[in-house]
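One structure is given below, encoded as structure tokens.
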Number of protein chains: 2
Amino acid sequence: MTAAADRTFSISELAQEFDVTTRAIRFYESEGLLTPERQGQRRIYSRRDRVRLMLTLRGKRIGLSLQEIRELFELYDAANNDEPQLMKFVDILTRREQQLTQQMQDIQLVLREIGQLKAQCEHWMEKRSGGLPD
Amino acid sequence: MTAAADRTFSISELAQEFDVTTRAIRFYESEGLLTPERQGQRRIYSRRDRVRLMLTLRGKRIGLSLQEIRELFELYDAANNDEPQLMKFVDILTRREQQLTQQMQDIQLVLREIGQLKAQCEHWMEKRSGGLPD
DNA sequence: GTTCCAGTTTACGTTAACGTAATCTATGCT
DNA sequence: AGCATAGATTACGTTAACGTAAACTGGAAC
């Protein structure tokens, strides 16, 4: 049933799509973030691998290290474990949650300052271009 | 007038207050982010230096490099220059603005996922502690 | 005086996240 | 067969942001 939803990708396809180098992708694998299959020697990426790459890049954008990203993957995968494991999971998530909230506040502050500065600049520039003597 | 608003700080006072090492503070100076005065050999930090340290740490929290932070300081200081300079300024700010907006979106996504995961975990844990046979 | 103590300088070490060759392999095309 | 092309492996190089250690200084306290 549901024929051929099992699309696969080459390394350079993924590299192109997400604008990263093949080197980076192989590096992520060596760090345990991706686990592509092999056809002989060549890596062959599933849709799952593709999603993991997306998540990896998103994690990076918000300032997670590759290690942390991998830990989250592992926890996510094995989160039907025992209770202490779950506690640890919740703990990590809570901490990160607080960091991110702080980070958002910082960013909002900076965005406001940036807005003001830009307004200032444009104000200055208008003045100058308006007040030129012949 | 306005007597003694000119408070100064030692390096370890600042280190304590902001929870960074003295090494880091000296390093920021070597990178041109701080310019404390000297009493003989010792560094003596003004309120201005203190503000700059705050801004530096805030910049770091939102993922700016020390170089970028210094550039912003320099631009901020000398932003009454000529028009090309102002244009460059606005340009940098705009780019950073876009990055930060993107970053905020990412963070909000992750925060939602974290919320869901935590709810799941707590749900599981309730179930277990509730359904124990004697 | 000497012993702390905070501070300074100098310099080498470290981690993360790849970049950059160099060399080798497999395969499809002509 | 010969060549181009994409991919693989191995290994050394690089940058940022400090850490860490060693050795020195200058005043304060005993």
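No hydrogens, no waters, no symmetry mates; every other heavy atom, side chains included, goes into these values. The sequence lines fix the lettering, A, B, ..., with proteins before strands; numbering per chain opens at 1.
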Protein-nucleotide distance (A:Gln41, atom CD; D:dG7, atom P), rounded to Å: 12 Å
Does A:Tyr28 put a side-chain nitrogen or oxygen below 4.0 Å from OP1 or OP2 of C:dA17? no
Using a 4.0 Å heavy-atom cut-off across all strands, classify A:Thr22 as base, sugar-phosphate, or nothing. nothing
Round to the nearest Å and state the distance from B:Leu34 atom CG to C:dT8 atom C1'. 16 Å
Salt-bridge present (A:Glu31, A:Lys60; N to O < 4.0 Å): no
Which of the following nucleotides, C:dA26, D:dC18, C:dA17, is nearest to the side chain of A:Phe27? C:dA17
To the nearest angstrom, the CG-C1' distance between A:Leu14 and D:dA8 comes to 16 Å
Between the side chains of A:Glu37 and A:Arg43, is the shortest nitrogen-to-carboxylate-oxygen separation below 4.0 Å, so that they form an ion pair? no
Side-chain-base donor-acceptor pair under 3.5 Å for B:Arg23 and D:dG19: yes
Phosphate-side-chain proximity, A:Arg38 and D:dT9, N/O vs OP1/OP2 below 4.0 Å: yes
Given D:dA8, is OP1 or OP2 found less than 4.0 Å from the side-chain N or O atoms of A:Arg26? yes
Does B:Lys60 make a side-chain N or O approach to OP1 or OP2 of D:dC18 shorter than 4.0 Å? yes
Rounded to whole angstrom units, what separation is found between the CD atom of B:Glu13 and the C1' atom of C:dG7? 13 Å
Which atom pair, heavy atoms only, marks the closest approach of A:Thr35 to A:Asp49? N-OD1, 3.6 Å
Identify, between B:Arg43 and A:Gln67, the residue whose nearest nucleotide on DNA chain C lies closer to the 5' end. B:Arg43
On a heavy-atom basis, the closest approach of B:Gln39 and B:Ile44 is N-CG2, 4.2 Å
Charged N-O contact under 4.0 Å between B:Glu13 and B:Arg7: yes
Can you tell which of D:dT25, C:dC18, D:dA17 lies closest to the side chain of B:Ser65? D:dA17
Of the listed C:dG19, D:dA16, D:dG19, the closest approach to the A:Ala24 side chain comes from C:dG19
Answer yes or no: side-chain N or O of A:Arg42 and base N or O of D:dA8 forming a donor-acceptor pair under 3.5 Å. no
Is A:Thr21 touching bases, backbone alone, or none of the nucleic acid, heavy atoms closer than 4.0 Å? sugar-phosphate
How many whole angstroms separate atom CG of B:Leu64 from atom P of D:dA16? 15 Å
Using atom CG of B:Leu33 as one end and atom P of D:dA17 as the other, report the distance to the nearest whole Å. 9 Å
Interatomic distance where CZ belongs to A:Phe18 and C1' belongs to C:dC18 [whole Å]: 19 Å
Using only side-chain N and O atoms of B:Ser10, determine if any of them is under 4.0 Å from OP1 or OP2 of C:dG7. yes
Nearest whole Å is fine: how far is C:dT15 C1' from A:Leu66 CG? 12 Å
State, to 0.1 Å, how close A:Thr22 and A:Ser12 come at their nearest heavy-atom pair, and which atoms those are. CG2-CA, 4.4 Å
